[in-house]
Amino acid sequence: NLVAGAQGYRWEITDTVTNQVQILDTVLRTMYLTNLGNYAFNRTYSIRVAVRIAGVWQAFGTSCSVTTPASTTQIQATQCGGTLALMNDAIYADNVPYAAGYRFRITNLLTSAQVLADRPTRLVVLTAIAGFSPEFNTTYSIEVAVKNTDGTYLPYGTACNVTTPSFPTTQLQISQCDVTISNM
């Protein structure tokens with residue numbers, strides 16, 4: 001709440017899981033948890049506020065609880081259910097602001113074989129996953145989990161199917177078809 005004559009606001013934010021207490025001073029009566037040195041998704045914080053009046057910090061007020069969202073993500077709608085043009089095309093998850101990374105769980109729908117790919121960004125390229133050789137003309141179910149700021153992963157989002165391109169074929173160049181060659 002706005003306090004008349006306040007010269008600043010001091011926030012006491014307590015992580016109810018780890019009991020870590022962080023203090024944040026602001027000039028205005030607003031703050032963002034992302035301004036803290038340590039914050040996480042799917043976490044409840046107990047928050048108290050004190051004001052500075054005439055240069056003196058007053059007592060903290062009553063605490064209240066605030067819970068951050070348990071963010072999930074999935075493959076972008078434009079790629080979900082589609083076929084890659086090239087085997088090394090990037091597959092993108094929907095962006096989650098402040099995510100520390102992403103985990104892709106890729107399942108071959110024919111063999112049920114799975115591979116995990118941890119990425120610092122929201123994209124994965126099947127051909128760049130160590131120890132994984134994607135197959136042509138194969139549908140993979142891909143789920144994505146958001147990496148929390150504490151290093152753990154949140155639950156996987158909705159699965160999405162992506163099909164790899166058909167096996168590449170080739171043929172003679174058109175200029176060399178239907179010709180009689182003069183030299184073996």
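Taking all atoms of both residues into account, the shortest heavy-atom contact from I53 to A6 is CG1-CA, 4.3 Å. Here the closest heavy-atom approach between residue T72 and residue P155 is recorded as CG2-O, 3.8 Å. Closest of all the heavy-atom pairs between S141 and L109 is CB-CD2, 3.7 Å. P97 and N95 make their closest contact through CD-O, 3.9 Å (heavy atoms, listed as atom of the first residue, atom of the second, distance). Residues V146 and A99 approach most closely at CG1-CB, 3.6 Å, considering heavy atoms.
Not one N or O on the side chain of Q58 forms a donor-acceptor pair closer than 3.5 Å with the backbone of A50. Checking side-chain atoms of T68 against main-chain N and O of A40 turns up a donor-acceptor pair under 3.5 Å. Within the 3.5 Å criterion, the main-chain N or O of Y92 finds no donor-acceptor partner in the side chain of Y102. Between the side chain of Q22 and the backbone N or O of G37 there is at least one donor-acceptor pair closer than 3.5 Å. A donor-acceptor contact shorter than 3.5 Å is absent between the side chain of S65 and the backbone of S46. For T14 (side chain) and T16 (main-chain N/O), no donor-acceptor pair under 3.5 Å exists by modelled atom type. No donor-acceptor pair closer than 3.5 Å links the side chain of N148 to the backbone N or O of G151. Checking side-chain atoms of R52 against main-chain N and O of V56 turns up no donor-acceptor pair under 3.5 Å. No side-chain donor-acceptor contact under 3.5 Å links E12 to the backbone of V49. In this structure a side-chain-to-backbone donor-acceptor pair under 3.5 Å is missing from S63 to R48.
Taking CG from L110 and OG1 from T139, the interatomic distance works out to 7.5 Å, rounded to the nearest 0.5 Å. Interatomic distance, CG of L126 versus CG of L86, reported as 12.0 Å (0.5 Å rounding). Expressed to the nearest 0.5 Å, how far CG of L84 lies from OH of Y140 amounts to 10.0 Å. Between atom CG of residue L116 and atom CG of residue D118 there is a gap of 6.5 Å, rounded to the nearest 0.5 Å. The OG1 atom of T163 sits 12.0 Å away from the CD atom of Q79 when rounded to the nearest 0.5 Å. With rounding to the nearest 0.5 angstrom, the OH atom of Y45 is 5.0 Å from the CG atom of D15.
If you chain together hydrophobic residues whose side chains sit under 4.5 Å apart, L123 and V96 never meet in one group. L36 and V21 fall into different hydrophobic clusters, where Ile, Leu, Val, Met, Phe, Trp and Tyr side chains are chained together by heavy-atom contacts under 4.5 Å. Neither Y153 nor V144 shares a network with the other; the hydrophobic side chains, linked directly or stepwise wherever heavy atoms of I, L, V, M, F, W or Y lie under 4.5 Å apart, form separate groups for each. Residues M31 and V66 share a single hydrophobic cluster, defined by chaining ILVMFWY side chains whose heavy atoms lie under 4.5 Å apart. At a threshold of 4.5 Å between side-chain heavy atoms, the hydrophobic network of Ile, Leu, Val, Met, Phe, Trp and Tyr places I47 and L24 in one connected group.
Put simply, the side chain of Q114 does not reach to within 4.5 Å of the side chain of I106, judged on heavy atoms. The side-chain heavy atoms of I23 and R10, taken from C-beta on, include a pair separated by under 4.5 Å. The shortest distance between side-chain heavy atoms of P134 and M87 falls below 4.5 Å.
None of I91, T107, V124 except one satisfies the side chain to side chain contact (heavy atoms under 4.5 Å, CB included) rule with I142; the exception is I91.
Taking a cutoff of 4.0 Å between a charged side-chain nitrogen and a carboxylate oxygen, D150 and R43 qualify as a salt bridge. Checked for salt-bridge contact, R122 and D94 miss the test: no charged N lies under 4.0 Å from a carboxylate O.
The ring-ring contact (aromatic ring centres under 6.0 Å, His included) test applied to F136 returns F167, not counting sequence neighbours.
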Apply side-chain contact (heavy atoms from CB on, under 4.5 Å) to R103 and Y156, showing your working.
CA-CA 9 Å; R103 173 172 282 170; Y156 286 100; 3.2 Å; yes
Test T44 against T67 for side chain to side chain donor-acceptor pair (under 3.5 Å), laying out the working first.
CA-CA 4 Å; T44 299; T67 302; 2.8 Å; yes
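Other residues, nucleotides and ligands contribute over 12 non-hydrogen atoms within 6.0 Å of the CZ atom of F60.
Seen from the ring of Y9, R29 does not count as a face-on cation partner, given the 6.0 Å and 45° thresholds.
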